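Okay, structure first, notes after.
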Amino acid sequence: MKKILQDLSFAQLKSLVESYGGLPFRAKQLYDGLMRGKALSQININPELRARLSEEYEDDPVKTEKIFRSADGSEKYLFRLADGNIVEGVLMKYKYGNTQCVSTQVGCRMGCKFCASTLGGLVRNLTSGEILAQVLKINAMHEKGKERGVTNIVLMGSGEPLDNFDATADFLKNVTAEGGINVSARNISLSTCGLVPQIYKLAELGIPVNLTISLHSPTDEGRRRIMPVANKYSIAEILKACDFYFGKTGRRYIFEYSLIKGENCDKPRAEQLTALLKGRPCHVNLIRLNEVKERELKGVSEKEAYRFMGLLKDGGLSVTLRRIIGSDIGGACGQLRAGYINTPYKNSEE
Ligand code: SAH
């Protein structure tokens with residue numbers, strides 16, 4: 001596989017162009033083109049420089065393969081990587097702007113029992129440029145004049161971002177860099193199943209994104225039933241890491257809690273959850289489980305979801321119920337998967 005220009009910061013791109021004997025303004029032209037989501041061959045730069053670069057670098061490392069449009073306005077994107085792997089992204093349109101859900105790995109090795117992304121295990125990590133290019137592509141398609149096409153980013157696509165820490169950290173640096181697409185850290189949410197040591201590392205990074213923890217149960221025993229990672233880290237350790245994160249960034253943290261029938265959303269669970277989280281600088285985001293056909297777990301009705309939310313509210317927690325978006329295009333939480341078009345890829349290679 002060739003290298004990826006979108007992996008580079010502006011400073012790195014500048015040294016690269018200079019090492020080829022190019023003048024600094026060419027680096028700026030190149031960088032601006034990349035940040036507008038263009039392939040190398042579409043960027044108006046000196047042809048000699050382009051020819052040199054294309055010997056070593058991919059022309060277009062994240063190609064938009066297909067777009068599915070939901071009746072609710074959201075869009076699912078299939079991106080083809082240079083090695084033929086596919087990752088998915090989703091764009092959700094709200095009154096205040098567009099939120100993009102980004103993938104950080106092809107597949108996932110966390111094994112959560114309710115999630116489709118992990119069904120085939122981890123195929124590979126994405127590079128920071130492959131994560132960034134997903135945003136650059138969708139942003140370019142939705143840009144209106146000076147108005148950004150992507151205003152908010154959630155790292156909630158396939159993969160566990162903190163299991164691919166270095167690439168995720170570089171992505172966060174490059175996507176928030178001034179002069180680039182420059183999305184504010186406040187508008188970025190990173191969701192993790194709770195890899196404790198990496199939460200500390202994230203806190204030290206100095207990019208105060210919103211930290212989101214997939215909790216899904218108020219007890220370690222309950223979490224262990226649906227999330228293998230809970231065998232490694234306890235809720236107490238996670239909460240300690242969240243407090244450290246809060247201390248470093250001043251950002252309130254968020255718990256995601258997917259409501260699974262018969263598993264985690266009865267009255268005793270509501271009481272346990274309230275006792276666990278009360279008084280903490282946090283918010284709880286409830287999600288009705290999106291059923292995945294290969295999985296046995298079932299979701300709850302809207303009424304049951306509101307009942308559980310009411311109990312948490314009465315207990316004094318800050319809590320919202322997330323709208324289900326994009327389920328008709330397989331774009332809802334936990335529905336993203338790497339599986340699509342493995343076959344055509346194999347055929348084209350053989
Ligand atoms: N690896 C990260 C990002 C995953 S996806 C993490 O674990 O947080 C974002 C959220 O969707 C997580 O909270 C995840 O637990 C949740 N999720 C996964 N599958 C789901 C499903 N089928 N229904 C509802 N939520 C789901």
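Just so it is clear, the model here is predicted, and its values are computed rather than measured. Whatever order the structure lists them in is the order used to number ligands and atoms, beginning at 1.
Residue contact annotation: E291 has no non-hydrogen atom under 4.0 Å from ligand 1. Taking 4.0 Å as the cut-off, G299 does not count as a neighbour of ligand 1 on heavy-atom distance.
With hydrogens and angles ignored, the 3.5 Å screen pairs a side-chain donor or acceptor of N264 with a backbone N or O of H216.
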- Message: With salt bridge (charged side-chain N to carboxylate O under 4.0 Å, His left out) as the criterion, how do E75 and K93 come out once you've worked through the C-alpha distance, each side chain's angles and the decisive distance to 0.1 Å?
- Response: CA-CA 9 Å; E75 298 172 349; K93 296 173 188 167; 3.1 Å; yes
- Intermediate values then yes/no, side chain to side chain contact (heavy atoms under 4.5 Å, CB included), L205 and K173: CA-CA 9 Å; L205 200 63; K173 279 179 209 154; 4.3 Å; yes
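For the residues H216, E160, M156, the heavy atom positioned nearest atom 1 (N) of ligand 1 is part of E160.
A ring-centre distance under 6.0 Å is found for Y94 and Y96.
Checking only distances, G157 never comes within under 3.5 Å of ligand 1, N or O to N or O. Here's the thing with G159: one of its N/O atoms is less than 3.5 angstrom from an N/O atom of ligand 1.
The parts of S191 lying near ligand 1 are both backbone and side chain, judged by heavy-atom distances below 4.0 Å.
Per-residue contacts place C115 under 4.0 angstrom from the following atoms of ligand 1 (heavy atoms of the residue considered): 18 (C), 19 (N). Near V292, with a cut-off below 4.0 Å to any heavy atom, the atoms of ligand 1 are 22 (N). Each of the atoms 6 (C), 7 (O), 8 (O) of ligand 1 lies under 4.0 Å from some heavy atom of C193. Taking every heavy atom of N290 and a limit of under 4.0 angstrom, the matching atoms of ligand 1 come to 21 (C), 22 (N), 23 (N), 24 (C).
Screening residues 294-311 for salt bridge (charged side-chain N to carboxylate O under 4.0 Å, His left out) gives K261-E304, E294-R337 as the qualifying pairs, with residues at least two apart or on separate chains. Within the structure, salt bridge (charged side-chain N to carboxylate O under 4.0 Å, His left out) contacts touching residues 8-31 (residues at least two apart or in different chains) are K28-D32.
A cation-pi geometry, defined here as NZ or CZ lying under 6.0 Å from the six-membered ring centre and within 45° of its normal, holds between K201 and F165.
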